[in-house]
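In the text below, chain A, chain B and the rest are named by the order of the sequence lines, each starting its count at 1. Only heavy atoms go into these numbers, but all of them, side chains included; no hydrogens, no water, no symmetry mates. Not measured: the values here are computed from a predicted model.
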2 protein chains.
Amino acid sequence: MQKQVDAEVGRTPLSRDRILRAAVTLADKDGLESLSMRKLAQQFGVVPMALYKHVANKDDLVDGMVDVVFGEIDHPPSGTDWKTAMRQRALSARQVLSRHRWAIGLTESRMKPGPTNLRHHDSVIRCLTEGGFSIEMAIHAYSALDSYIYGFALQEQQLPFENPGEVDEVAQTMLSQFPSDDYPYLAQTIAEVINKSEWQYADEFEFGLDLILDGLERVLVR
Amino acid sequence: MQKQVDAEVGRTPLSRDRILRAAVTLADKDGLESLSMRKLAQQFGVVPMALYKHVANKDDLVDGMVDVVFGEIDHPPSGTDWKTAMRQRALSARQVLSRHRWAIGLTESRMKPGPTNLRHHDSVIRCLTEGGFSIEMAIHAYSALDSYIYGFALQEQQLPFENPGEVDEVAQTMLSQFPSDDYPYLAQTIAEVINKSEWQYADEFEFGLDLILDGLERVLVR
DNA sequence: TGGCTATGGTGTACATCGTACACTATGGGT
DNA sequence: ACCCATAGTGTACGATGTACACCATAGCCA
């Protein structure tokens with residue numbers, strides 16, 4: 001009987017994996033805020049409580065989603081020097097985090113990291129130690145790099161514009177909003193941004209990244 | 001009549017400011033997750049809807065809370081070189097963010113920054129340009145530093161332990177949890193952490209911070 | 001002095017959420 | 001032929017944000 005319904009609706013059985021994937025795409029589209037068990041269940045043509053056979057509760061769901069996202073980040077490739085490997089990983093991480101902007105503040109999950117996470121950490125530390133870092137220095141380096149990466153993603157997420165095209169417009173209205181005498185330096189900065197057309201915040205990423213990587217290299221060889 | 005009630009209960013009139021402060025301390029105590037309009041209203045012995053005379057809705061409330069928090073961050077002090085000034089600001093920011101851990105992921109508020117925020121930005125840019133940075137370089141520097149600061153706070157917030165005392169314990173259970181053959185480098189790292197007693201993640205902050213500051217100095221004088 | 005209106009607090013009501021709990025159908029193993 | 005683990009259903013409850021209509025007060029102008 002139920003089987004017939006399933007067949008009619010063209011329903012594949014649920015699974016933690018399918019649920020997590022659907023949840024991620026849903027969050028990508030509408031934000032995590034508006035992701036509810038009910039809407040998620042609807043995606044599968046299923047009653048909300050059905051999800052709870054595969055997921056302990058909403059927190060568990062979100063933990064799983066975060067794990068999926070972090071699984072998308074490339075490991076530092078082997079076969080190159082640590083610097084380009086870590087650089088590549090950083091770029092991948094930024095891409096992934098900007099694809100799943102909702103995941104950024106959410107790393108409470110990592111209180112109990114999944115295997116995906118652990119494997120990634122292992123890869124990174126391996127890359128660094130093989131590149132000549134002591135364990136202690138590797139910790140320093142890893143912490144510095146990831147802080148920068150997540151922080152950048154965080155800032156990028158909360159800019160008052162979404163597309164590069166909007167930058168000028170937003171900047172203009174900001175300038176007109178407040179008397180530039182109140183915030184002279186800020187006003188000058190905004191003017192500069194308007195001036196050099198095609199400025200994108202995303203381009204800032206590599207500047208800071210290289211600052212850190214170069215700094216690490218310097219303390220390494222010392 | 002109402003006045004009598006107010007007097008009996010010892011009630012001062014509400015105000016946006018009082019509400020925001022109460023909300024912040026409440027969030028500090030129990031986390032933002034469990035901050036509800038009802039609980040907040042209860043703090044004042046008032047019905048939930050009363051708050052809406054001073055606050056547009058919960059988003060507006062949170063925006064206000066974030067603004068309060070960012071107002072606590074020291075501006076870069078004038079009268080010193082840019083490097084120590086910016087260093088001091090960074091330390092202050094970290095302190096504030098670790099005092100209000102809930103505020104870290106929440107900067108969607110800054111989509112419409114309050115005056116507090118604008119004034120702070122102005123201060124920072126001023127500090128940098130007076131220190132010899134071009135506007136373009138100041139943007140680079142500001143972005144790099146703040147990305148690092150927020151990212152570090154984010155990471156710190158989501159560590160699997162709260163007090164330095166727990167570090168060893170957590171590390172031990174982690175080590176025993178997974179076969180160290182699966183994650184050899186990670187295992188080695190954890191062992192190292194256990195080994196050097198009194199390791200605190202907080203100490204990592206200054207390493208990365210100085211990495212960035214030194215890097216900035218170098219590109220400045222170049 | 002008396003009444004008008006803006007302001008701020010009240011009460012009720014509703015939609016939406018996460019999820020506990022009891023149920024039913026199914027399909028594989030004995 | 002039966003049993004039982006597994007997966008999906010249905011109903012129900014408490015909590016939450018907030019719309020809307022209401023009322024008390026205080027300050028103002030006549």
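The distance from atom CG of N57(A) to atom C1' of dG18(C) is 9 Å, rounded to the nearest whole Å. Rounded to an integer number of Å, the gap from CE of M49(A) to C1' of dC13(D) is 12 Å. In this structure, R16(B) atom CZ and dG8(C) atom C1' are separated by 16 Å, rounded to whole Å. Atom pair M37(A):CE and dT9(D):P shows a separation of 15 Å (rounding to whole Å applied). Whole-Å rounding puts the R18(B) CZ to dG9(C) C1' distance at 14 Å. If you take CD1 of I19(A) and P of dA7(D), they are 11 Å apart, rounded to a whole angstrom. One interatomic measurement links the two molecules: CD of Q42(B) to P of dG9(C), which rounds to 17 Å at whole-angstrom precision. Atom C1' of nucleotide dT16(D) and atom NZ of K58(B) are separated by 8 Å, given to the nearest angstrom.
Out of dG8(D), dA12(D), dG11(C), the shortest distance to the side chain of V46(A) is found at dG8(D). Side chain of A50(A), nearest nucleotide from dT9(D), dT19(C), dT18(D): dT9(D). Of all nucleotides listed (dG9(C), dG8(D), dT18(D)), dG8(D) comes nearest to the side chain of L14(A). If you check dT10(C), dG8(C), dG8(D) against the side chain of H54(A), the one that comes closest is dG8(D). For K39(A), the side-chain atoms get nearest to dC17(C) when compared with the rest of dG17(D), dG10(D), dC17(C). Listed nucleotides: dG18(C), dG17(D), dG11(C). Nearest to the side chain of Y52(B): dG17(D). Taking the side chain of R38(A) as heavy atoms from C-beta on, and the options dG17(D), dT9(D), dC17(C), the nearest nucleotide is dC17(C).
The aromatic rings of W102(B) and H100(B) lie perpendicular to each other, with more than 60° between the two planes, well past the 30° mark. Classification of the Y142(B)-H121(B) ring pair by plane angle, with boundaries at 30° and 60°, yields perpendicular.
Using a 4.0 Å heavy-atom distance criterion, L61(A) is classed as making no nucleic acid contact. At a threshold of 4.0 angstrom between heavy atoms, the contacts of L51(A) with the nucleic acid are absent.
The residue among K53(A) and P48(A) whose nearest nucleotide of DNA chain C lies closer to the 5′ end is P48(A).
A salt bridge does not link R126(B) with D122(B): none of the charged nitrogens is closer than 4.0 Å to a carboxylate oxygen. The pair K58(B)-D63(B) does not meet the salt-bridge criterion, since no charged nitrogen lies less than 4.0 angstrom from a carboxylate oxygen.
Panel note: side chain S92(A), backbone Q88(A); no donor-acceptor pair is recorded below 3.5 Å.
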